[in-house]
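Structure, as C-alpha coordinates:
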Protein chains: 2
Amino acid sequence: MKTEEISRVLFEKGLKVTPQRIAVYEAVARLNNHPTAESIIKYIRKTYPNISTATVYKVLDAFTEKGLVNRVKTEKDMMRYDAVLESHHHLYCSETDRIEDYHDEQLDNILKNYFEEKGISDFKVEDIKLQIVGKFLKS
Amino acid sequence: MKTEEISRVLFEKGLKVTPQRIAVYEAVARLNNHPTAESIIKYIRKTYPNISTATVYKVLDAFTEKGLVNRVKTEKDMMRYDAVLESHHHLYCSETDRIEDYHDEQLDNILKNYFEEKGISDFKVEDIKLQIVGKFLKS
DNA sequence: TGTCAAAAGAGAATCATTCTCTTTTATAAA
DNA sequence: TTTATAAAAGAGAATGATTCTCTTTTGACA
(Lines give C-alpha, C1' and ligand atoms only; values in the text may rest on other atoms or scores of the structure.)
Protein backbone atom coordinates (compact mmCIF):
# COMPACT_ATOMS: atom_id res chain seq x y z
CA MET A 1 0.00 0.00 0.00
CA LYS A 2 1.39 3.33 -1.00
CA THR A 3 2.08 6.08 1.48
CA GLU A 4 -0.34 8.45 -0.20
CA GLU A 5 -3.06 5.88 -0.01
CA ILE A 6 -2.45 5.37 3.71
CA SER A 7 -2.46 9.13 4.25
CA ARG A 8 -5.81 9.32 2.56
CA VAL A 9 -7.23 6.56 4.75
CA LEU A 10 -6.01 8.28 7.91
CA PHE A 11 -7.33 11.63 6.76
CA GLU A 12 -10.72 10.16 5.95
CA LYS A 13 -10.93 8.80 9.49
CA GLY A 14 -10.18 12.25 10.87
CA LEU A 15 -6.74 11.25 12.07
CA LYS A 16 -3.77 13.56 11.80
CA VAL A 17 -1.36 12.15 9.29
CA THR A 18 2.03 11.54 10.85
CA PRO A 19 5.00 9.46 9.72
CA GLN A 20 4.56 7.27 12.80
CA ARG A 21 0.96 6.51 12.01
CA ILE A 22 1.80 5.71 8.43
CA ALA A 23 4.54 3.38 9.64
CA VAL A 24 2.20 1.58 12.05
CA TYR A 25 -0.50 1.24 9.45
CA GLU A 26 1.95 -0.15 6.96
CA ALA A 27 3.35 -2.59 9.52
CA VAL A 28 -0.04 -3.97 10.52
CA ALA A 29 -1.04 -4.34 6.87
CA ARG A 30 2.23 -6.02 6.00
CA LEU A 31 2.54 -8.33 8.99
CA ASN A 32 -0.44 -10.40 8.12
CA ASN A 33 -0.34 -12.95 10.90
CA HIS A 34 -2.09 -10.98 13.56
CA PRO A 35 1.02 -9.41 15.01
CA THR A 36 1.60 -8.50 18.62
CA ALA A 37 2.51 -4.92 19.50
CA GLU A 38 6.01 -6.21 20.03
CA SER A 39 6.40 -7.54 16.52
CA ILE A 40 4.86 -4.40 15.07
CA ILE A 41 7.41 -2.30 16.95
CA LYS A 42 10.23 -4.57 15.86
CA TYR A 43 9.14 -4.31 12.25
CA ILE A 44 8.83 -0.53 12.29
CA ARG A 45 12.20 -0.05 13.98
CA LYS A 46 13.94 -1.63 11.02
CA THR A 47 13.23 1.56 9.11
CA TYR A 48 12.38 3.89 12.00
CA PRO A 49 14.68 2.89 14.85
CA ASN A 50 13.65 5.49 17.39
CA ILE A 51 9.90 5.17 17.47
CA SER A 52 8.64 4.97 21.03
CA THR A 53 6.67 1.97 22.24
CA ALA A 54 4.15 4.34 23.80
CA THR A 55 3.59 5.91 20.40
CA VAL A 56 2.90 2.57 18.78
CA TYR A 57 0.44 1.63 21.50
CA LYS A 58 -1.27 4.99 21.23
CA VAL A 59 -1.49 4.72 17.47
CA LEU A 60 -2.90 1.20 17.71
CA ASP A 61 -5.49 2.43 20.18
CA ALA A 62 -6.46 5.27 17.88
CA PHE A 63 -6.72 2.88 14.95
CA THR A 64 -8.80 0.46 16.99
CA GLU A 65 -11.18 3.24 17.93
CA LYS A 66 -11.55 4.27 14.31
CA GLY A 67 -11.99 0.70 13.14
CA LEU A 68 -8.79 0.63 11.13
CA VAL A 69 -7.53 -2.36 13.07
CA ASN A 70 -9.14 -4.89 15.40
CA ARG A 71 -7.83 -6.38 18.54
CA VAL A 72 -7.85 -10.14 18.24
CA LYS A 73 -9.11 -12.03 21.27
CA THR A 74 -6.64 -14.57 22.57
CA GLU A 75 -6.14 -16.65 25.67
CA LYS A 76 -2.73 -15.14 26.27
CA ASP A 77 -2.02 -11.88 27.96
CA MET A 78 -0.54 -10.30 24.89
CA MET A 79 -2.73 -8.34 22.54
CA ARG A 80 -2.72 -9.13 18.86
CA TYR A 81 -3.87 -6.90 16.06
CA ASP A 82 -5.52 -7.41 12.74
CA ALA A 83 -5.71 -5.09 9.78
CA VAL A 84 -9.43 -4.86 9.25
CA LEU A 85 -10.30 -5.67 5.70
CA GLU A 86 -13.76 -7.00 6.20
CA SER A 87 -15.49 -9.12 8.80
CA HIS A 88 -13.93 -12.54 8.95
CA HIS A 89 -13.32 -15.51 11.20
CA HIS A 90 -10.21 -16.94 12.73
CA LEU A 91 -8.56 -20.34 12.72
CA TYR A 92 -6.69 -20.91 15.97
CA CYS A 93 -4.08 -23.63 16.24
CA SER A 94 -4.78 -25.69 19.35
CA GLU A 95 -1.09 -26.29 19.91
CA THR A 96 0.68 -23.10 18.92
CA ASP A 97 -0.07 -19.40 18.81
CA ARG A 98 -0.76 -19.45 15.11
CA ILE A 99 -3.90 -17.62 14.01
CA GLU A 100 -5.11 -17.39 10.42
CA ASP A 101 -7.98 -15.56 8.82
CA TYR A 102 -10.92 -17.49 7.49
CA HIS A 103 -13.35 -15.95 5.03
CA ASP A 104 -16.54 -17.76 4.13
CA GLU A 105 -19.42 -15.82 2.66
CA GLN A 106 -21.64 -18.86 2.39
CA LEU A 107 -21.22 -19.51 6.10
CA ASP A 108 -21.85 -15.86 6.91
CA ASN A 109 -25.14 -16.04 5.07
CA ILE A 110 -26.18 -19.21 6.82
CA LEU A 111 -25.46 -17.64 10.21
CA LYS A 112 -27.10 -14.36 9.30
CA ASN A 113 -30.28 -16.11 8.20
CA TYR A 114 -30.22 -18.43 11.17
CA PHE A 115 -30.12 -15.63 13.72
CA GLU A 116 -32.50 -13.41 11.78
CA GLU A 117 -35.03 -16.17 11.90
CA LYS A 118 -34.37 -17.53 15.34
CA GLY A 119 -33.02 -14.56 17.27
CA ILE A 120 -31.58 -14.61 20.75
CA SER A 121 -33.87 -13.49 23.52
CA ASP A 122 -32.94 -10.15 25.05
CA PHE A 123 -29.96 -9.77 22.75
CA LYS A 124 -29.46 -7.81 19.55
CA VAL A 125 -26.82 -9.45 17.37
CA GLU A 126 -24.40 -7.06 15.72
CA ASP A 127 -21.59 -9.29 14.59
CA ILE A 128 -20.72 -12.95 14.62
CA LYS A 129 -17.18 -14.22 14.63
CA LEU A 130 -16.15 -17.85 14.67
CA GLN A 131 -13.17 -19.12 16.55
CA ILE A 132 -12.37 -22.32 14.79
CA VAL A 133 -9.87 -24.28 16.83
CA GLY A 134 -7.92 -27.15 15.36
CA LYS A 135 -4.72 -28.17 13.68
CA PHE A 136 -3.03 -26.80 10.59
CA LEU A 137 -1.97 -29.64 8.30
CA LYS A 138 0.67 -27.64 6.51
CA SER A 139 2.92 -24.87 7.70
CA MET B 1 -21.66 -28.67 44.17
CA LYS B 2 -20.67 -30.66 47.20
CA THR B 3 -17.11 -30.86 48.41
CA GLU B 4 -16.96 -34.62 47.98
CA GLU B 5 -18.12 -34.29 44.43
CA ILE B 6 -15.41 -31.74 43.68
CA SER B 7 -12.82 -33.98 45.32
CA ARG B 8 -13.88 -36.78 43.06
CA VAL B 9 -13.58 -34.61 39.96
CA LEU B 10 -10.09 -33.50 40.94
CA PHE B 11 -9.03 -37.02 41.76
CA GLU B 12 -10.32 -38.30 38.44
CA LYS B 13 -8.19 -35.73 36.65
CA GLY B 14 -5.13 -36.90 38.54
CA LEU B 15 -4.93 -33.74 40.62
CA LYS B 16 -4.02 -33.80 44.26
CA VAL B 17 -7.01 -32.80 46.29
CA THR B 18 -6.30 -29.75 48.43
CA PRO B 19 -8.59 -27.31 50.21
CA GLN B 20 -7.31 -24.54 47.97
CA ARG B 21 -8.16 -26.42 44.81
CA ILE B 22 -11.60 -27.23 46.10
CA ALA B 23 -12.12 -23.57 46.94
CA VAL B 24 -11.03 -22.42 43.48
CA TYR B 25 -13.18 -24.99 41.78
CA GLU B 26 -16.16 -24.00 43.84
CA ALA B 27 -15.57 -20.30 43.14
CA VAL B 28 -15.35 -20.74 39.38
CA ALA B 29 -18.46 -22.89 39.39
CA ARG B 30 -20.32 -20.42 41.54
CA LEU B 31 -19.23 -17.19 39.88
CA ASN B 32 -20.96 -17.86 36.64
CA ASN B 33 -20.15 -14.69 34.75
CA HIS B 34 -16.74 -15.61 33.49
CA PRO B 35 -14.84 -14.25 36.44
CA THR B 36 -11.41 -12.72 36.38
CA ALA B 37 -8.68 -14.15 38.59
CA GLU B 38 -9.19 -11.12 40.78
CA SER B 39 -12.85 -11.79 41.43
CA ILE B 40 -12.15 -15.46 42.03
CA ILE B 41 -9.56 -14.52 44.63
CA LYS B 42 -11.92 -12.02 46.22
CA TYR B 43 -14.66 -14.63 46.43
CA ILE B 44 -12.45 -17.29 47.95
CA ARG B 45 -11.00 -14.91 50.54
CA LYS B 46 -14.42 -14.42 52.04
CA THR B 47 -14.13 -17.90 53.47
CA TYR B 48 -10.39 -18.45 53.10
CA PRO B 49 -8.76 -15.08 53.79
CA ASN B 50 -5.14 -16.07 53.47
CA ILE B 51 -5.02 -17.87 50.17
CA SER B 52 -2.15 -16.61 48.05
CA THR B 53 -2.76 -15.08 44.63
CA ALA B 54 0.02 -17.23 43.24
CA THR B 55 -1.81 -20.31 44.44
CA VAL B 56 -5.01 -19.29 42.73
CA TYR B 57 -3.18 -18.64 39.48
CA LYS B 58 -1.37 -21.94 39.71
CA VAL B 59 -4.59 -23.79 40.42
CA LEU B 60 -6.33 -22.09 37.51
CA ASP B 61 -3.44 -23.06 35.24
CA ALA B 62 -3.64 -26.66 36.42
CA PHE B 63 -7.39 -26.71 35.86
CA THR B 64 -6.99 -25.19 32.42
CA GLU B 65 -4.49 -27.85 31.48
CA LYS B 66 -6.82 -30.59 32.66
CA GLY B 67 -9.79 -29.03 30.91
CA LEU B 68 -11.69 -28.28 34.10
CA VAL B 69 -11.88 -24.61 33.20
CA ASN B 70 -11.37 -22.64 30.02
CA ARG B 71 -9.70 -19.33 29.55
CA VAL B 72 -12.12 -17.00 27.82
CA LYS B 73 -10.64 -14.94 25.03
CA THR B 74 -11.10 -11.20 25.49
CA GLU B 75 -9.72 -8.01 24.04
CA LYS B 76 -8.62 -6.84 27.43
CA ASP B 77 -5.44 -7.75 29.21
CA MET B 78 -7.18 -9.52 32.02
CA MET B 79 -7.85 -13.21 31.77
CA ARG B 80 -11.32 -14.55 32.39
CA TYR B 81 -12.26 -18.08 33.27
CA ASP B 82 -15.15 -20.33 32.56
CA ALA B 83 -16.19 -23.53 34.30
CA VAL B 84 -16.35 -26.09 31.56
CA LEU B 85 -19.69 -27.76 31.58
CA GLU B 86 -20.04 -28.45 27.91
CA SER B 87 -19.00 -26.68 24.73
CA HIS B 88 -20.86 -23.43 24.33
CA HIS B 89 -20.68 -20.03 22.71
CA HIS B 90 -20.38 -16.56 24.14
CA LEU B 91 -22.40 -13.39 23.83
CA TYR B 92 -20.15 -10.34 24.17
CA CYS B 93 -21.61 -6.94 24.90
CA SER B 94 -20.19 -4.44 22.43
CA GLU B 95 -20.27 -1.67 25.02
CA THR B 96 -19.37 -3.28 28.33
CA ASP B 97 -17.33 -6.23 29.56
CA ARG B 98 -20.37 -8.40 30.01
CA ILE B 99 -20.07 -11.93 28.65
CA GLU B 100 -22.82 -14.52 28.77
CA ASP B 101 -22.96 -18.14 27.74
CA TYR B 102 -25.00 -19.16 24.75
CA HIS B 103 -26.04 -22.75 24.21
CA ASP B 104 -27.61 -23.79 20.93
CA GLU B 105 -27.58 -27.40 19.91
CA GLN B 106 -29.39 -26.77 16.66
CA LEU B 107 -26.71 -24.29 15.65
CA ASP B 108 -23.95 -26.68 16.71
CA ASN B 109 -25.37 -29.30 14.41
CA ILE B 110 -25.65 -26.92 11.50
CA LEU B 111 -22.03 -25.91 11.93
CA LYS B 112 -20.85 -29.46 12.43
CA ASN B 113 -22.55 -30.60 9.26
CA TYR B 114 -21.41 -27.58 7.34
CA PHE B 115 -17.75 -28.14 8.09
CA GLU B 116 -17.95 -31.89 7.75
CA GLU B 117 -19.27 -31.42 4.27
CA LYS B 118 -17.22 -28.46 3.17
CA GLY B 119 -14.06 -28.72 5.23
CA ILE B 120 -11.28 -26.18 5.41
CA SER B 121 -8.24 -26.87 3.29
CA ASP B 122 -5.16 -27.82 5.27
CA PHE B 123 -6.99 -27.52 8.57
CA LYS B 124 -8.54 -30.10 10.85
CA VAL B 125 -11.41 -28.60 12.83
CA GLU B 126 -11.56 -29.64 16.47
CA ASP B 127 -13.92 -27.14 17.99
CA ILE B 128 -15.99 -24.20 16.91
CA LYS B 129 -16.90 -21.35 19.20
CA LEU B 130 -18.96 -18.35 18.24
CA GLN B 131 -18.30 -14.90 19.56
CA ILE B 132 -21.61 -13.18 19.12
CA VAL B 133 -21.16 -9.47 19.65
CA GLY B 134 -24.12 -7.19 20.25
CA LYS B 135 -26.23 -5.54 22.87
CA PHE B 136 -28.12 -6.99 25.80
CA LEU B 137 -31.65 -5.64 25.91
CA LYS B 138 -32.14 -6.34 29.59
CA SER B 139 -29.72 -6.35 32.46
C1' DT C 1 3.13 -43.29 60.86
C1' DG C 2 6.87 -41.85 57.67
C1' DT C 3 8.29 -40.42 53.26
C1' DC C 4 8.50 -37.28 49.61
C1' DA C 5 7.02 -35.22 45.51
C1' DA C 6 3.73 -31.94 44.77
C1' DA C 7 1.34 -27.90 46.34
C1' DA C 8 0.86 -23.67 49.00
C1' DG C 9 2.62 -19.40 50.64
C1' DA C 10 5.01 -14.81 50.52
C1' DG C 11 6.86 -11.56 48.22
C1' DA C 12 9.90 -10.25 44.55
C1' DA C 13 10.28 -10.11 39.60
C1' DT C 14 8.52 -9.74 35.04
C1' DC C 15 6.68 -7.62 31.29
C1' DA C 16 2.99 -5.85 28.39
C1' DT C 17 0.64 -1.81 28.58
C1' DT C 18 -0.46 2.86 30.24
C1' DC C 19 0.59 7.25 32.18
C1' DT C 20 2.98 11.72 32.88
C1' DC C 21 5.20 15.37 31.38
C1' DT C 22 7.86 17.72 27.90
C1' DT C 23 8.97 18.60 23.19
C1' DT C 24 7.74 18.42 18.48
C1' DT C 25 4.70 18.77 14.61
C1' DA C 26 0.57 18.70 11.44
C1' DT C 27 -3.05 21.54 10.34
C1' DA C 28 -5.55 25.46 9.33
C1' DA C 29 -6.06 30.33 9.61
C1' DA C 30 -3.98 34.85 8.93
C1' DT D 1 4.54 31.49 3.91
C1' DT D 2 4.40 32.24 8.67
C1' DT D 3 2.01 31.53 12.94
C1' DA D 4 -0.84 29.61 16.43
C1' DT D 5 -2.35 25.71 18.70
C1' DA D 6 -4.21 21.43 19.71
C1' DA D 7 -2.81 16.99 18.92
C1' DA D 8 0.84 13.67 18.63
C1' DA D 9 5.40 11.85 19.65
C1' DG D 10 9.00 10.79 22.79
C1' DA D 11 11.28 9.08 27.11
C1' DG D 12 11.03 6.90 30.91
C1' DA D 13 8.48 5.99 35.07
C1' DA D 14 4.40 3.73 36.80
C1' DT D 15 0.94 0.22 36.84
C1' DG D 16 -0.94 -4.06 37.47
C1' DA D 17 -1.93 -8.72 36.11
C1' DT D 18 0.61 -12.70 36.05
C1' DT D 19 4.72 -15.52 36.93
C1' DC D 20 8.74 -16.88 39.37
C1' DT D 21 11.73 -18.19 43.31
C1' DC D 22 12.48 -20.17 47.31
C1' DT D 23 10.84 -22.06 51.58
C1' DT D 24 7.42 -24.42 54.21
C1' DT D 25 3.55 -27.40 54.37
C1' DT D 26 0.75 -31.24 53.11
C1' DG D 27 -1.80 -35.02 50.56
C1' DA D 28 -1.20 -39.63 49.06
C1' DC D 29 0.68 -43.86 49.27
C1' DA D 30 3.74 -47.27 51.14
Side-chain angles (χ1 to χ4, degrees), chain A residues 3-4 6-25 27-28 34-45 47-66 68-69 71-81 97, chain B residues 3-4 6-25 27-28 34-45 47-66 68-69 71-81 97:
Chain A
T3 299
E4 302 84 58
I6 297 173
S7 300
R8 190 176 46 72
V9 171
L10 297 180
F11 182 78
E12 279 168 3
K13 290 288 183 182
L15 291 169
K16 255 189 204 176
V17 178
T18 67
Q20 292 86 345
R21 283 179 171 172
I22 291 171
V24 172
Y25 192 93
V28 178
H34 311 87
T36 60
E38 193 191 5
S39 53
I40 292 167
I41 291 166
K42 195 173 162 195
Y43 177 87
I44 296 174
R45 288 204 171 136
T47 50
Y48 201 138
N50 298 315
I51 195 165
S52 161
T53 58
T55 298
V56 175
Y57 278 104
K58 276 184 287 191
V59 170
L60 287 169
D61 283 353
F63 285 3
T64 301
E65 200 169 323
K66 296 294 182 183
L68 289 174
V69 303
R71 293 166 186 258
V72 179
K73 295 177 174 67
T74 72
E75 289 163 10
K76 301 293 176 62
D77 64 352
M78 211 186 298
M79 201 61 68
R80 295 177 67 164
Y81 296 87
D97 289 340
Chain B
T3 299
E4 302 83 59
I6 296 173
S7 299
R8 192 177 44 74
V9 171
L10 296 179
F11 180 78
E12 279 169 3
K13 291 287 183 182
L15 291 169
K16 253 188 206 177
V17 178
T18 68
Q20 292 87 344
R21 283 179 171 171
I22 291 171
V24 172
Y25 192 93
V28 179
H34 312 88
T36 60
E38 193 190 4
S39 54
I40 293 167
I41 291 166
K42 197 173 161 195
Y43 178 87
I44 296 174
R45 288 205 170 135
T47 51
Y48 201 138
N50 298 315
I51 194 166
S52 161
T53 58
T55 298
V56 175
Y57 278 104
K58 276 184 287 191
V59 170
L60 287 168
D61 282 353
F63 285 4
T64 301
E65 200 169 324
K66 296 294 182 183
L68 289 174
V69 303
R71 292 166 185 257
V72 179
K73 296 178 174 66
T74 73
E75 289 163 10
K76 300 292 176 61
D77 64 351
M78 210 186 298
M79 201 62 68
R80 295 176 69 165
Y81 297 87
D97 289 339

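What you are looking at is a predicted structure, and each value in this text was computed from that prediction instead of being measured. Lettering follows sequence order; numbering is per chain, from 1. Just so you know, these numbers use all the heavy atoms, side chains as well, and skip hydrogens, waters and symmetry mates.
Using a 4.0 Å cutoff on non-hydrogen atoms, the parts of residues 12-19 of chain A near DNA chain D are A:Lys16, A:Thr18, ordered by number. Proximity of residues 47-60 of chain B to DNA chain D (heavy atom under 4.0 angstrom from any strand atom) is restricted to B:Ala54, B:Tyr57.
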Give the table of side-chain donor-acceptor pairs shorter than 3.5 Å for residues 9-18 of chain A, with sequence neighbours excluded, one pair per line with atom names and distance.
{"unit_1": "A:Glu12", "atom_1": "OE2", "unit_2": "A:Arg8", "atom_2": "NH1", "d": "3.2"}
{"unit_1": "A:Lys13", "atom_1": "NZ", "unit_2": "A:Lys66", "atom_2": "O", "d": "3.3"}
{"unit_1": "A:Thr18", "atom_1": "OG1", "unit_2": "A:Arg21", "atom_2": "N", "d": "3.1"}

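A nucleotide of DNA chain C counts as in contact with chain A when one of its atoms lies under 4.0 Å from a heavy atom; the first and last such, 5' to 3', are C:dA16 to C:dT27.
Atom C1' of nucleotide D:dG16 and atom CG of B:Asp77 are separated by 8 Å, given to the nearest angstrom. Look at CD1 on B:Ile22: it is 15 Å from P on D:dT26, rounded to the nearest Å. Summarising the geometry, the separation between CD on A:Glu75 and C1' on D:dT18 is reported as 16 Å, rounded to the nearest angstrom. Rounded to whole Å, atom P of D:dT26 lies 9 Å from atom CD of B:Gln20. Atom CE of B:Met78 is separated from atom P of D:dT19 by 14 Å (rounded to the nearest Å).
For the helix from C:dT1-D:dA30 to C:dA30-D:dT1, the end axes, each set by the C1' atoms of five terminal pairs, are bent relative to each other by 40° (nearest 10°).
You'll find the side chain of A:Thr74 stays beyond 4.5 Å of the side chain of B:Thr74, heavy atoms only. At least one side-chain heavy atom of B:Thr3 sits under 4.5 Å from a side-chain heavy atom of B:Ile22. The side-chain heavy atoms of A:Arg80 and A:Asp97, taken from C-beta on, include a pair separated by under 4.5 Å. In this structure, the side chains of A:Val72 and A:Tyr81 stay at 4.5 Å or more apart for every pair of heavy atoms. A:Tyr43 places none of its side-chain heavy atoms less than 4.5 Å from the side chain of A:Ile40.
Among residues two or more places apart in sequence or in another chain, the side-chain hydrogen bond (donor to acceptor under 3.5 Å, both in side chains) test is passed with A:Glu38 by none.
Here the CD1-CD1 distance, from B:Ile44 to B:Ile51, works out to 4.5 Å after rounding to the nearest 0.5 Å. Atom NE2 of residue A:His34 and atom CE of residue A:Met79 lie 14.5 Å apart, to the nearest 0.5 angstrom. In this structure, CG on A:Asp77 lies 7.5 Å from CG on B:Asp77, to the nearest 0.5 angstrom.
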**Asked** Which is it for B:Arg71 and B:Asp61 under the salt bridge (Lys or Arg N to Asp or Glu O under 4.0 Å) test, yes or no, and what are the steps along the way?
**Response** CA-CA 9 Å; B:Arg71 292 166 185 257; B:Asp61 282 353; 2.8 Å; yes
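B:Ser39 places no side-chain N or O within 3.5 Å of a backbone atom of B:Pro35 that could act as its donor or acceptor partner.
Annotation for A:Glu75: atom CD counts as buried by contact number, over 12 foreign heavy atoms lying within 6.0 Å.
Residue A:Ala37 is classed as a sugar-phosphate contact, given heavy-atom separations below 4.0 Å to backbone atoms only.
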